[in-house]
Amino acid sequence: MTQIADVLVVGGGAAGAALAWRLSQHGADVLVLEQGDWVPDDDIPKRHADWQVRARRYWSPSAARRGWPADYPVRNLGANPVDAFVYSAVGGSATGWGGAFWRFLPSDFRGATLDGFGRDWPIGYEDLERYYEINEAEMGMSGIAGDPTAPPTPEAPLPPVSMGAMGERWIDGFERLGWYWWVQHQAIASRDYRGRPACTNNGHCTYGCPTGALATPANTYWPEALHNGVRLQTGARVREITLDTRGRADGVLYHAPDGSVRRATAPVVVLAGNGLGTPRLLLMSSSPAFPDGLANSSGMVGRNLMVHVQTTVIGRFPQRTGADHGPWGATATTRHFYETDPSRDFKRGFIITAMRGFDPLDTALQTAGWGEGHHAALEHHLNHEAVCWVCGDDEPEPHNRVELDHERVDGFGLPGVVTHYTLSENSRRIGEAGIEKATELCYAAGADSVRVLGFDTLLGWHLLGTARMGADPADSVVDAWHRCHDVPNLLVADGSVMATGASVNPTHTVQALALRAADGIWARRRDG
Amino acid sequence: MRAGDAGGVYVAPEEVGEPLVLDADERAILGAWADRLVPGDGSWPPATATPVVGYIDALMDRAPSIAPAVRSALGWLAERGFGGLGSDEQVAALRELEADPTLGPVFVSVLEMVLEAYYRDPAVEAVVEARTGFSSRRPMVGTPLPPFDPARLDRVRALPPRHRST
């Protein structure tokens, strides 16, 4: 049986949920196909005493390791392979996130003009400003206005989350250095908010929030969207976007969990599979008219993968660091080194987010060699460490890419993906500077030693740029309103449209883009 | 996936019971191996004071693809009479196993499984808390903390803007 809707959305993650909710507020009939399922509360690791083991087994963010039924194979190659972190579930990769919630800065949309870096976006900060505000209210952002490293904003819906002693120690470090810093804005309820309880500082947030204080699409946008009448089909693995005789998208074919192939149609089709899932589906939807993949006349589908220049510098402190409590992604962050500084040997910049410490199992795996001395090493590091996370702006480069992997297929025989990633020289310099400054911060905060994760394998939380937005159809996949240049009623509304990736966690901007895309769809609903 | 790595396969503590895969000789070698990885030390129990062998056996049952790799490493140790060696000789044998191009990845996988079973054991968690102050219960139940004091931002709030206009 064919399902019919006004708007068909592929992907029920951070972007798909926000877009479906916004369209449902307007009154549109929306069908969302999500390959995963709802995550049962009982699966949240921190609801169980052995949360540390569960977190690195079935909850692992690495699709290559986790192996849920809805996962597709992901292989990672290149000089700096990305450990691609994705969750196939209602809520998408925000199932296992920490809640860091950033607006991009105006300069992030003008990298080419200002710095000769990447491509300018065809939209600017001002185009997203009202959608940031909506998203902050819907997700329930904690924070505080007044950060001089950003344009003025309205006050945050909720006050900052608690710092704890370690947070205060980091702030002491920032103050000693005289750097700009600000409290980390978080999609975490610091007070009871819209049915979600106030955060109780459980910590280790990416291992699932046992109370629901951490916002996810599943506990924010989705309940309202479903109440508004959005239809959500879980366990739906889309295999192909179909076209009508005019070359316009008219729907999709998807596998139901029993393997049967079903069809859904709509006059508007939106992809929200993010940096891996969206190019995968476009490349799988090749046809005689689009032999290199649907909407890929530019050759940019799957290209320009950006993951951010991510690493961690871990300070070891003589005092205990309270590693068993406190929102993990917060305490405070510096954008002191964010904007391009002509005196430095690289373009663009980075943030340093001051965080908390690891759990016993992770600490043992990272720091305590086997044999005699194992426990002494554990005692030296455990609850005496805290993490500085460095996140830098990586330039879009066509050779960093996502391709189909026909050697490894999913449960329906559909190809997996392979990522290729190598840090550029600019990214290496950003990384080196980030490590140097994060090390400085650790010592200013009282650390007696540091260790550095490095770049042999890149943390793959942020998968961006693989269907980028641009004004030139020869050089980009979608236009300023997320419409594919080649197939105007096919839209991409997720992190893959980012022309450049800024230096901050992207989820807030991904959702702001999706909300704006929804308004664009609604405004043009009678255009044909 | 690394040889011997069960990936996302999970076995709960209550699912660890009677051996399903390994025979008595294999379990003895695995136990001796585990105790060299995590020997007892003061208040810290040795690995085999916790269900490490049963946990690995249960993972081998649930993820049969790892069994040949683990068995090959156990066989390698059996050929060297591992169970009858002194502690220094056992350590030397394990260093050799760890450095072996083929079996080295299996060594890492076994080490990870041993640490998983060890550090989730309630008796070990109690030692962890007593020795380091880290409570594995707190991330489940939470910890009261005072609210953030906005006055801490006074210096930064007074600084000039530091973002570029476009």
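In this text, all values refer to a predicted model and were calculated from it rather than measured experimentally.
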Heavy-atom pairs under 4.5 Å with chain B, option from A:T211, A:I44, A:T321, A:L114 with the top count: A:L114
First locate atom CG of A:N201, then atom CG of B:L145, and finally report the distance between them rounded to the nearest 0.5 Å. 4.0 Å
Tell me whether the guanidinium CZ or amine NZ of B:R95 lies under 6.0 angstrom from the six-membered ring centre of A:W370 and within 45° of its axis. yes
Find the one option among B:A6, B:G40, B:S165, B:G133 whose heavy-atom pairs under 4.5 Å with chain A are most numerous. B:G133
Charged N-O contact under 4.0 Å between B:R155 and A:E175: yes
From B:R138 atom CZ to A:H204 atom NE2, the distance as rounded to the nearest 0.5 Å: 11.0 Å
Using atom types as modelled and distance alone, determine if a side-chain donor or acceptor of A:W182 lies under 3.5 Å from a backbone N or O of B:L153. no
Is A:D115 salt-bridged to B:R164, going by a charged N under 4.0 Å from an acidic O? yes
Could you grab the distance from atom CZ of B:F148 to atom CD of A:Q184, nearest 0.5 Å is fine? 12.0 Å
To the nearest 0.5 Å, what is the distance between OG1 (B:T166) and CG (A:D120)? 9.5 Å
Could you have a look at B:R36, B:R131, B:M1, B:R137 and say which one has the most heavy-atom pairs with chain A under 4.5 angstrom? B:R131
As an exercise: rank A:W328, A:W68, A:Y58 by heavy-atom pairs under 4.5 Å with chain B and give me the winner. A:Y58
Pick one of side chain, backbone, both or neither for A:A323, based on which atoms fall under 4.5 Å of a heavy atom in chain B. both
Grab the two heavy atoms, one from B:P147 and one from A:S162, that are nearest each other, plus how far apart they are. CA-OG, 4.0 Å
Here the salt bridge (Lys or Arg N to Asp or Glu O under 4.0 Å) pairs for residues 110-119 of chain B, sequence neighbours left out, are A:R56-B:E112, A:R56-B:E116, A:R57-B:E116, B:R2-B:E112
Does some side-chain heavy atom of B:R157 sit less than 4.5 Å from a side-chain heavy atom of A:I144? yes
What one should report as the nearest heavy-atom pair of B:P139 and A:W51 is CG-CZ2, 3.4 Å
Measure up the A:H375 and B:Y118 rings against each other and bin them: parallel (under 30°), tilted (30 to 60°), perpendicular (over 60°). tilted
With a 4.5 Å cut-off on heavy-atom pairs, point out which of B:V128, B:D121, B:L94 contacts chain A the most. B:L94
Quick one: CG on A:L382 to CD on B:E129, what's the gap to the nearest 0.5 Å? 11.0 Å
Just by distance, with hydrogens left out, do A:D362 and B:Y119 show a side-chain donor and acceptor under 3.5 Å apart? no
Give a yes or no on whether a salt bridge exists between B:D5 and A:R65, defined as a side-chain N under 4.0 angstrom from a carboxylate O. yes
Mind checking the CG-CE spacing from A:D324 to B:M140? Nearest 0.5 Å is all I need. 13.5 Å
Answer yes or no: are there more than 12 heavy-atom neighbours, outside B:R80 itself, under 6.0 Å from its atom CZ? yes
Would you call A:D172 and B:R152 a salt bridge, using N to O less than 4.0 angstrom? yes
Nearest atoms (heavy-atom pairs only) where B:G142 meets A:N202: N-ND2, 3.4 Å
Quick one: are B:F134 and A:F358 in side-chain contact, heavy atoms under 4.5 Å? no
Choice from B:V91, B:L111, B:V9 maximising heavy atom contacts with chain A below 4.5 Å: B:V9
